[in-house]
Amino acid sequence: MSAQHAPRVLIIDDEPDVSVYLTTILSQHGYEVETASSSEAAWACLSQSTPQLVCLDIMMPRESGFSLYTRMKADARLRSIPVLIISGVAQAKDFDFREYVSDKAIPPPAGYFEKPIDVALFIETITSLAAELSARTGDVHA
Amino acid sequence: MPDRTRPWTVTWTQHELLEQMPFNVAVIDRDYNVVEANSAFEESFGSWKGHKCFEVYKGLRKPCPNCEIMATFTDGVVRVTDEVGTDQHGHTAHYVVHSSPLHTKPGGSVDYVLEMSRNVVDTDRWQREYQILFDRVPCYIAIIDRDFRIIRSNAAFRDQFGDDAGRHCYEVYKKRKRKCPHCPAAKSFKDGATHKSNQVGINKSGERTHYVVTTAPLTRRGQRPEHIIEISTDVTELKKLEDEKIEAERLAAVGQTVAGLAHSVKNILMGLEGGKYIVGLGLQKEDKAMISQGWDILERNFDKTTSLVKDFLSFAKGRLPRVRMVDPNELVTEIVDLYREVARRSHIDLQAEITPGMKPAPLDPNGLHTCLTNLVSNSLDACQMSEQRNCRVVVRCKSEKGNVIFEVQDNGLGMDYELKSKIFTTFFTTKGGEGTGLGLLTTRKIGQGHGGKITIRTKKGEGSRFRITLPRKRLMALLTMAKEAA
């Protein structure tokens, strides 16, 4: 994977240790990573640049991850960015997006990972999403 | 040979005297004739002139059997009898008759009988109504004397607490052998005022009975009470419902807490996994900086585990506050002394504002210590996170409108509406990995356990003031409960 083509991932989590962990994993696999410690900080990042993927925590002070997700999906520029929710709110097998966001106009996320994550599955999912994106845009990332 | 009866004559003075008497007066001769009567009598029984007493009183055609008047004619003895007759409207009349012999000659035979009667229909009805009310009113009533013996009680009381004849109230209400501490009746005997308190008794089946008792002196104002009336409302069912509601809320809170706890544990596990991953990667790459970074993460998350367990145990303590008389000023001074060094290192001015001469209050010193520790710790954090240069935290206590008040005020970060609405949510924290989100919740729980509340005044960028308001009355009730439990 060449540096200039590396897909950029935005990690949004108020736990600095989680951000460092995910950054390390993704960097090891050739992704370019940006972090934000709150929904407000993430919105500021998103208004300046458009990442190819977003990893989003849910339980954050002030504005929750679901609120930010809803705002992203309502924004024409950000709507198509795949979002992986990484949280401890529910077990992966029980996670039902509609329990948290009932508005059917808001599509479910690209994936849900329960903390602590299964690293191999996480990388596999990210790789697969990146491949889908590159196929869609005709760009070559991997 | 009996004396010849003198004809009945009445002077103007005697007539006026009869008229002024506040009851019915009639004079009867030996032939049952009503020879004189006052207006009150006429108003009660109608026309009397030319009529026999049995006709006027009872509408009979012949003398009453066992005629009391004739008995007085015979033996000259004054008699008081209860009679049932008919008034001039045909209604049954209950009256008390006082029959006195009249002699026209001193030492002679009885010539006439003076009958003074009073209608007791109303009095009798009131007595019956009062008795029904006394027995059927939906509360327990007992009247006690200065020896705390029950001299009267209503049926509801006896149904609930059993036989009370001549027994001490504390034996009957609570099956105790000695007077109850903080007895409201004793207070009423002492100050002649009405007192009210919550009590727990034992009914005749040995079950606990919760009741609210009001004690009042049975005396005119200013006189020393000889008897106290105790009126109690049974709140056992209400208490049961309240306990069930509290239990339901507790279970709901347990569910919420367990979910929150699981979430916090997952975050810590994620941190531990992260630390392990980075240390592993560092070892693999022989990258000391990376190993060190991973190790730091591991350490932090082990510390978080300790904090979480400690805070959770503190939150999970379900006991009643262990109250004893405590000087609020001493508590405040103790907390400020505890944090003085921490504040100094962070260049925060930490001050105690006490109220000299403030009365001690029944408080759980350990619980209040936890509350104030949490609040001061939060305020210091809010100051450290703010851009304010001259940060100040004040811890104060004061008395206001029968309340004991503790306040922790800072000029730190402050909160907006959304944040303020979330701070009492389980496991909510603004401190990222540093907080467990249980501090304020524990503080609120302890405050509520003392019968009080916690209020916040805050403005983003200007600081916050947390106030714990504890009503002295409720604190006293806690002290009473604690003493009774002991």
Side-chain angles (χ1 to χ4, degrees), chain A residues 11-30 33 35-42 55-68 71 84-95 99-100 112-123, chain B residues 256 259-282 284-285 287 289-305 385 413 415-423 425-437 460:
Chain A
I11 295 166
I12 308 162
D13 201 305
D14 65 323
E15 289 269 353
D17 291 346
V18 172
S19 291
V20 171
Y21 180 25
L22 294 178
T23 302
T24 310
I25 297 169
L26 290 170
S27 303
Q28 287 302 306
H29 289 81
V33 181
T35 61
S37 61
S38 68
S39 291
E40 294 96 321
C55 293
L56 175 63
D57 184 25
I58 294 303
M59 300 282 276
M60 290 185 288
R62 295 185 184 84
E63 187 182 355
S64 76
F66 284 126
S67 168
L68 178 70
R71 280 209 282 163
L84 284 181
I85 288 180
I86 301 176
S87 172
V89 289
Q91 286 186 279
K93 62 182 176 60
D94 298 332
F95 179 74
E99 265 185 38
Y100 306 92
Y112 173 81
F113 279 86
E114 184 191 354
K115 288 179 181 176
I117 56 164
D118 177 332
V119 178
L121 185 63
F122 175 64
I123 285 300
Chain B
Q256 193 189 3
L261 183 66
H263 180 258
S264 294
V265 169
K266 283 179 191 173
N267 268 329
I268 292 173
L269 284 175
M270 179 88 167
L272 291 170
E273 290 276 356
K276 192 176 81 177
Y277 180 88
I278 295 167
V279 167
L281 201 62
Q284 193 186 321
K285 292 187 170 182
D287 182 339
M290 193 173 257
I291 294 169
S292 173
Q293 186 188 28
W295 185 250
D296 285 348
I297 293 176
L298 282 172
E299 272 190 337
R300 257 197 307 276
N301 284 281
F302 278 122
D303 288 348
K304 276 186 210 170
T305 313
M385 286 189 275
L413 212 52
M415 288 175 272
D416 55 19
Y417 176 79
E418 196 180 354
L419 186 58
K420 189 182 159 193
S421 64
K422 283 182 183 173
I423 54 170
T425 308
T426 322
F427 297 99
F428 177 80
T429 179
T430 58
K431 300 176 185 174
E434 299 302 314
T436 58
K460 195 173 182 181

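Naming convention: chains lettered A, B, ... in sequence-line order (proteins, then strands); numbering from 1 in each chain.
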task: With a 4.5 angstrom heavy-atom cut-off, could you sort out which part of A:V119 is near chain B: side chain, backbone, both or neither?
output: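 It is the side chain, since no backbone atom gets that close.
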message: Using heavy-atom distances under 4.5 Å, tell me whether A:I25 contacts chain B through its side chain, its backbone, both, or neither.
response: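 Backbone plus side chain of A:I25, per the 4.5 Å heavy-atom cut-off to chain B.
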query: Do the ring planes of A:F113 and A:F122 sit parallel (below 30°), tilted (30 to 60°) or perpendicular (above 60°)?
result: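 A:F113 and A:F122: perpendicular rings.
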field: Proximal component of B:K276, with respect to chain A [non-hydrogen, under 4.5 Å]
entry: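 No part of B:K276 comes within 4.5 Å of chain A.
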Contact class of B:L272 relative to chain A, heavy atoms under 4.5 angstrom: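 Contact with chain A: none, neither part.
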- prompt: Can you tell which of B:N267, B:N301, B:V265, B:I268 has the highest number of heavy-atom pairs within less than 4.5 Å of chain A?
  reply: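 Highest number of heavy-atom pairs under 4.5 Å: B:N267.
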- prompt: Can you tell me if B:Y277 uses its side chain to pair, donor with acceptor, with the backbone of A:L22 under 3.5 Å?
  reply: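 No, the answer is negative, given that no donor and acceptor are paired below the 3.5 Å cut-off.
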Side chain proximity check, A:Y21 to B:M270, heavy atoms < 4.5 angstrom: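 Yes. Closest side-chain heavy atoms under 4.5 Å.
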- prompt: Does a side-chain heavy-atom distance below 4.5 Å link A:S64 with A:Y100?
  reply: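 Heavy-atom side-chain distance check fails, nothing below 4.5 Å.
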query: With a 4.0 Å cut-off, would you call A:E15 and A:K115 a salt bridge?
result: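 No, no charged N to carboxylate O under 4.0 Å.
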message: As an exercise: rank A:T24, A:D13, A:I117, A:D17 by heavy-atom pairs under 4.5 Å with chain B and give me the winner.
response: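 Result: the option with the highest number of such pairs is A:D17.
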